[in-house]
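Order of the sequence lines sets the chain letters (A, B, ...), proteins ahead of strands, with each chain counted from 1.
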Amino acid sequence: MRAELPKLPMYLDYAATTPCDPRVVEAMFPYFTEKFGNPGSRNHSFGWDAEEAVTKARQQVAELIGADPKEIIFTSGSTESNNLAIKGAANMYAKKPTGHTQRGHIISVIHEHKAVLDPCKRLEKEGFEVTLIDPQSDGTVTREMIEAVIRDDTILVTVMWANNEIGTFNEVPEIGALCHERGIIFHTDATQWVGKMPTNVKKDNVDLLSLSGHKMYGPKGIGALYVRRRRPRVRLMALQEGGGQERGFRSGTSNVTGIVGLGKACELCAADMDAQRQRLGALRDKLETKITNALDVVQVNGHPDKRLAHLTNISFGFVEGESLMMALKEIAMSSGSACTSASLEPSYVLKALGVGDDLAHSSLRISMGRWTTEEEIDYAGDKIIEAVNKLRDLSPLYDMHNEGIDITKIEWAAH
Amino acid sequence: MAYSEKVIEHYEKPRNVGTFGTQKEIKERTDIGVGLVGAPECGDVMQLQIKVDDNTGRIEDAKFKCFGCGSAIASSSLATEWLKGKTLDEGMKIKNTEIVEELSLPPVKIHCSVLAEDAIKSAIADYKQKNSKN
């Protein structure tokens, strides 16, 4: 007996973005129309209403991550938060002024998101020195790995909390403790983490934390940066100057609707995070078991336990990624490096993990969310297995593998 | 990326998929020429096999296997269709541009057609080399 077909196309790319929760949209709605005021307007009720809404949202965001509301700076999203945190801290704590070399040392990791790597590259051009370390082959970054590359002139460490492609966690609380011992500012890009995992910036020793609304059922174009105010009090050089909103860290009229949406999204995540983690973790395990039982030469990437519950990244040997996506066109997933799916390049994140080129060419990132059902996961699992089998029937490499030929030993003519 | 209807059609119903034997068997057979082109790290590997009728000198059958994107699969599938019944000289005249045109390949996928042309030439060369020794 076949279960009812789920609705197609199916969305299994929640790590790319999530739909807004209808309750979020409902909360935002009045602030587009009747409560449209500018929270900067201090002398009439329109402004007061807007300010009250922003204050409430700031509280909701702060509560989700264990911060004080004063420590929340609203931004346009994680990219801006990362830029403000990294460039803002580097320039504030620089050992030498602009125009000099040896302005300070920054540590990050090669499998960070481009929104961290590119600001670091920019700083390198502006006289800072950057060390990018390799993660371990399970994708994790430990305190010891950071400790090994800290120098006397290290001013900033930036390590993501959970990786966007494989979901693996890094030792953020431990790295934060290390940074505090050494008097180094610690930033974490927690875009994939916040809203899914319990977070307490105080206990977890974070100085700067980036988060994004659209990864947790809030709207796009809104995010926040947590900036620690006590022990240490973190200062930043603002990137955007003007009216002095957000305590001068981020000028510009507040995106009130977005802020209200982000606040509501944070409140909702706080309420159902634990239940969702359990539910989605069970679905993920079911999917992984099904796929690894049905197919040979498959690899689940990243650390087996230290990873997000709603996400799995699986490599399929001897199958090419783009053709796999073509076979699965009714299921929205990511293939290869999440943000450069359109290119033919294998994923730099999987490369950093040492996944072979042949495997890295065909990896799927499947990420589930609040509305993912068991029926959908059953269907997706069947379809993935069917597609891989179909393409392996076509694959000369799979034939060679079955004949005992090691394809890495063949002299391929690169083109 | 949007694929043309013909690419999708070949991808969904690829023609002449298969091989005339294991790698070892194929190597030993003089009536078969094999072209294996591309590289796994580039994301495309095509294996094209032609079976040549000794008496007529014509390609009586062709088979392919392909590790690659939809356009690569379609290009090699089309190549097998075009090769059947052709003489070796006629086969050598198939141009990648004809494949591009037939499948309406976009510029980023032209390399797939180049690879298919390479596979054809390489399979024919392999057959000729095997048979020149005798």
A.B. asks: Would you say NZ of B/Lys27 has more than 12 non-hydrogen atoms from neighbouring residues, nucleotides or ligands within 6.0 angstrom?
C.D. replies: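 For B/Lys27, atom NZ is not crowded (no more than 12 foreign heavy atoms under 6.0 Å).
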A.B. asks: Does atom CD of B/Glu28 have more than 12 heavy-atom neighbours from other groups under 6.0 Å away?
C.D. replies: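 Yes, CD of B/Glu28 has more than 12 neighbouring heavy atoms, counting only those of other groups under 6.0 Å.
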A.B. asks: Where is the tightest heavy-atom contact between B/Gly38 and A/Trp412, given as atom of each residue plus distance?
C.D. replies: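 That would be O-CE3, 3.2 Å.
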A.B. asks: Please state whether the side chain, the backbone, both or neither of A/Asp393 comes within less than 4.5 Å of a heavy atom of chain B.
C.D. replies: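 Backbone only.
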A.B. asks: Who pairs with B/Tyr127 by ring pair (Phe, Tyr, Trp, His ring centres under 6.0 Å), at least two apart in sequence or on another chain?
C.D. replies: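 B/Tyr127 satisfies ring pair (Phe, Tyr, Trp, His ring centres under 6.0 Å) with no residue once adjacent residues are dropped.
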A.B. asks: What's the shortest heavy-atom distance between B/Gln47 and A/Pro396, and which atoms?
C.D. replies: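 Shortest heavy-atom separation between B/Gln47 and A/Pro396 comes out as CB-CB, 3.9 Å.
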A.B. asks: More than 12 foreign heavy atoms under 6.0 Å from CZ of B/Arg58: is that the case here?
C.D. replies: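 Yes - once you tally the heavy atoms of other residues, nucleotides and ligands closer than 6.0 Å, there are more than 12.
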A.B. asks: Can you pull out every side chain to side chain donor-acceptor pair (under 3.5 Å) where at least one residue sits in residues 114-123 of chain B? Sequence neighbours excluded, please.
C.D. replies: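 Output for this query lists B/Glu117-B/Lys121.
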A.B. asks: Is a side-chain donor or acceptor of A/Glu320 paired with a backbone partner of B/Phe67 at a separation under 3.5 angstrom?
C.D. replies: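 Side chain of A/Glu320 to backbone of B/Phe67: no pair is present.
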A.B. asks: Relative to chain B, which of A/Met326, A/Glu411, A/Met325 shows the most heavy atom pairs under 4.5 Å?
C.D. replies: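 When all of A/Met326, A/Glu411, A/Met325 are compared, A/Met326 has the most.
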A.B. asks: Can you sort out the partners of B/Lys51 under salt bridge (Lys or Arg N to Asp or Glu O under 4.0 Å), two or more places apart, ordered by chain and number?
C.D. replies: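 Counting only residues at least two positions away or on another chain, B/Lys51 forms a salt bridge (Lys or Arg N to Asp or Glu O under 4.0 Å) with B/Glu60.
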A.B. asks: For chain A, which residues from residues 8-17 of chain B lie under 4.5 Å away (heavy-atom distances)?
C.D. replies: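 The stretch touches chain A at B/Ile8, B/Tyr11, B/Glu12, B/Pro14, B/Val17.
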A.B. asks: Search all heavy atoms of A/Ser323 against all heavy atoms of B/Ile73 and return the closest pair with its distance.
C.D. replies: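 The pair with the smallest heavy-atom distance is CB-CD1, 4.1 Å.
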A.B. asks: Would you check if B/Leu36 and A/Met400 make a side-chain contact, meaning some heavy-atom pair closer than 4.5 Å?
C.D. replies: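 Sidechains of A/Met400 and B/Leu36: in contact.
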A.B. asks: Is it the backbone or the side chain of B/Ser71 that comes under 4.5 Å from a heavy atom of chain A, or both, or neither?
C.D. replies: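 The answer is neither part of B/Ser71.
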A.B. asks: Does B/Gln23 use its side chain to pair, donor to acceptor, with the backbone of A/Glu403 at less than 3.5 Å?
C.D. replies: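 Flag not set: sc B/Gln23 to bb A/Glu403 has no pair under 3.5 Å.
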A.B. asks: How far does SG of B/Cys69 sit from CG of A/Leu324, to the nearest 0.5 angstrom?
C.D. replies: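 That separation rounds to 13.0 Å.
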